[in-house]
Number of protein chains: 2
Amino acid sequence: MAALKYSRQRESIKQYLATTYDHPTADMVYLHVKEEFPSISLGTVYRNLNLLADMGEAIKIATPNGGDRFDGRTNPHNHFLCTKCGKVIDLDMEDISHINETAAKNFDGIIESHSIIFYGTCADCIEKS
Amino acid sequence: MAALKYSRQRESIKQYLATTYDHPTADMVYLHVKEEFPSISLGTVYRNLNLLADMGEAIKIATPNGGDRFDGRTNPHNHFLCTKCGKVIDLDMEDISHINETAAKNFDGIIESHSIIFYGTCADCIEKS
DNA sequence: ATCAATAACGATAACAGTTACTATAATCAA
DNA sequence: TTGATTATAGTAACTGTTATCGTTATTGAT
């Protein structure tokens, strides 16, 4: 069972995720929350980020090359990762969950979900070039 | 520059990727090629897998939890990862590359590509349960 | 308010996957 | 065959993450 207990550190992490659009890595969260709790441990950040993700209060975005990113916005949406600067941006795009059925057509197992990341160049990086 | 030189080890790795449907991890490739080259180094396997991926002769599939998988079949296709047994299976599904345009609609940057992994339970694991 | 039970903490070690280094060996063009 | 250069094996180092452990904080019952 493991009843959940309140902690100020977890609350601060949650708060940060709720207010930033940066899709921070665990380390970025650590550096930010460290300002309020100078003695916080990186392990505490990881533990709470995973806890929040497991409870559905945050999304963990797995990326190739570099650490996972975390997103406090849990409504279904897709992500874009800029291959130039590494920024992760929320995409405002129509629902494409129908691709699960497309995938299931010639497949014997059960398709439950999918994860997508779109890659390319973000507006800022286009401007700079 | 950097002219490529033949190596028996690289050839063996390529051969293995071309004949297996297992989407092996670097370590699985290592263990297999070790049978032909008992003194091969894991570093050699990584170096060549990345080389092949860079040259477009193999695909590197990034997965959350656990190492990247490699696929010698380079024609465009999608992958399914069984959350029960970890197996990666090629999906025989119709092309969905149009989702790149869908994503680009309300987006200022340039969408160049995407990566998808479908998750669920494979036929073998359904049977066992 | 005090206490006991236990979840969460901070510090640090351990771990997995991967890359970097270096001296030796294999490839290849002249 | 020689010389230039790439690839190798072996190993150390590195990154991102999880586990361990003694101490602290939270909570529910007294």
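Numbers restart at 1 for each chain; the letters A, B, ... are given by sequence-line order, proteins then strands. As a basis for the values below, the full set of heavy atoms in this structure was taken, side chains included, without hydrogen atoms, waters or symmetry mates.
Minimum atom distance to the side chain of A:K5 is reached by C:dA5, of the listed C:dG17, D:dT18, C:dA5. Taking every side-chain heavy atom of B:S41 into account, D:dT11 is the closest of D:dA7, D:dT11, C:dT18. With distances taken from any side-chain atom of B:N50 to the nucleotides D:dT18, C:dT19, C:dA8, the minimum falls on C:dT19. The side chain of A:R8 approaches D:dT26 more closely than any other nucleotide in the set C:dA8, D:dA7, D:dT26. Considering only the side chain of B:R47, D:dA9 comes nearest among D:dA9, D:dT17, C:dT18. Of the candidate nucleotides D:dA9, C:dT18, C:dA8, C:dT18 has the atom nearest to the side chain of B:A26.
Spacing between atom CG of B:L49 and atom P of C:dT18 amounts to 10 Å, rounded to whole angstrom units. Look at OH on A:Y30: it is 13 Å from C1' on C:dC9, rounded to the nearest Å. Protein atom CD1 of B:I13 is 9 Å distant from nucleotide atom P of D:dA9, rounded to whole Å. The separation between B:R10 atom CZ and C:dC28 atom P is 10 Å, rounded to whole Å. At whole-Å resolution of the value, CZ in A:R69 and P in D:dT15 are 17 Å apart. The separation between A:E36 atom CD and C:dC9 atom P is 13 Å, rounded to whole Å. One interatomic measurement links the two molecules: CD1 of B:I40 to C1' of C:dA25, which rounds to 14 Å at whole-angstrom precision. Between the CD atom of B:E11 and the P atom of D:dT6 there is a distance of 19 Å, given to the nearest Å.
Checked by atom type and distance alone, the side chain of A:D22 never pairs as donor or acceptor with a backbone atom of A:P24 at under 3.5 Å. A donor-acceptor contact shorter than 3.5 Å is absent between the side chain of A:T25 and the backbone of A:G67.
The aromatic rings of A:F118 and B:H114 sit perpendicular to each other, their planes meeting at more than 60°, with 30° as the lower class boundary. Ring pair A:Y16/A:H32 is parallel by interplanar angle, where below 30° counts as parallel and above 60° as perpendicular.
Between A:T44 and A:R10, every side-chain heavy-atom pair lies at or beyond the 4.5 Å cut-off.
Counting heavy atoms of neighbouring residues, nucleotides and ligands inside a 6.0 Å radius, atom CG of A:D108 does not exceed 12 of them.
Contact annotation: B:N48 does not reach the phosphate of D:dA7 (side-chain N/O to OP1 or OP2, under 4.0 Å). Checking the phosphate oxygens (OP1, OP2) of D:dA9, a side-chain nitrogen or oxygen of B:Q9 falls inside 4.0 Å. Under 4.0 angstrom from either OP1 or OP2 of C:dA8 there lies no side-chain N or O belonging to A:T44. Here B:Y6 does not reach the OP1 or OP2 of C:dT27: none of its side-chain N or O atoms lies under 4.0 Å away. Contact annotation: B:Y46 side-chain N/O to C:dT18 OP1/OP2 distance is under 4.0 Å.
Heavy atoms of B:D27 sit nowhere under 4.0 angstrom from any nucleic acid atom.
Comparing A:F37 and B:L42, the nucleotide of DNA chain C nearest to each residue sits closer to the 5' end for A:F37.
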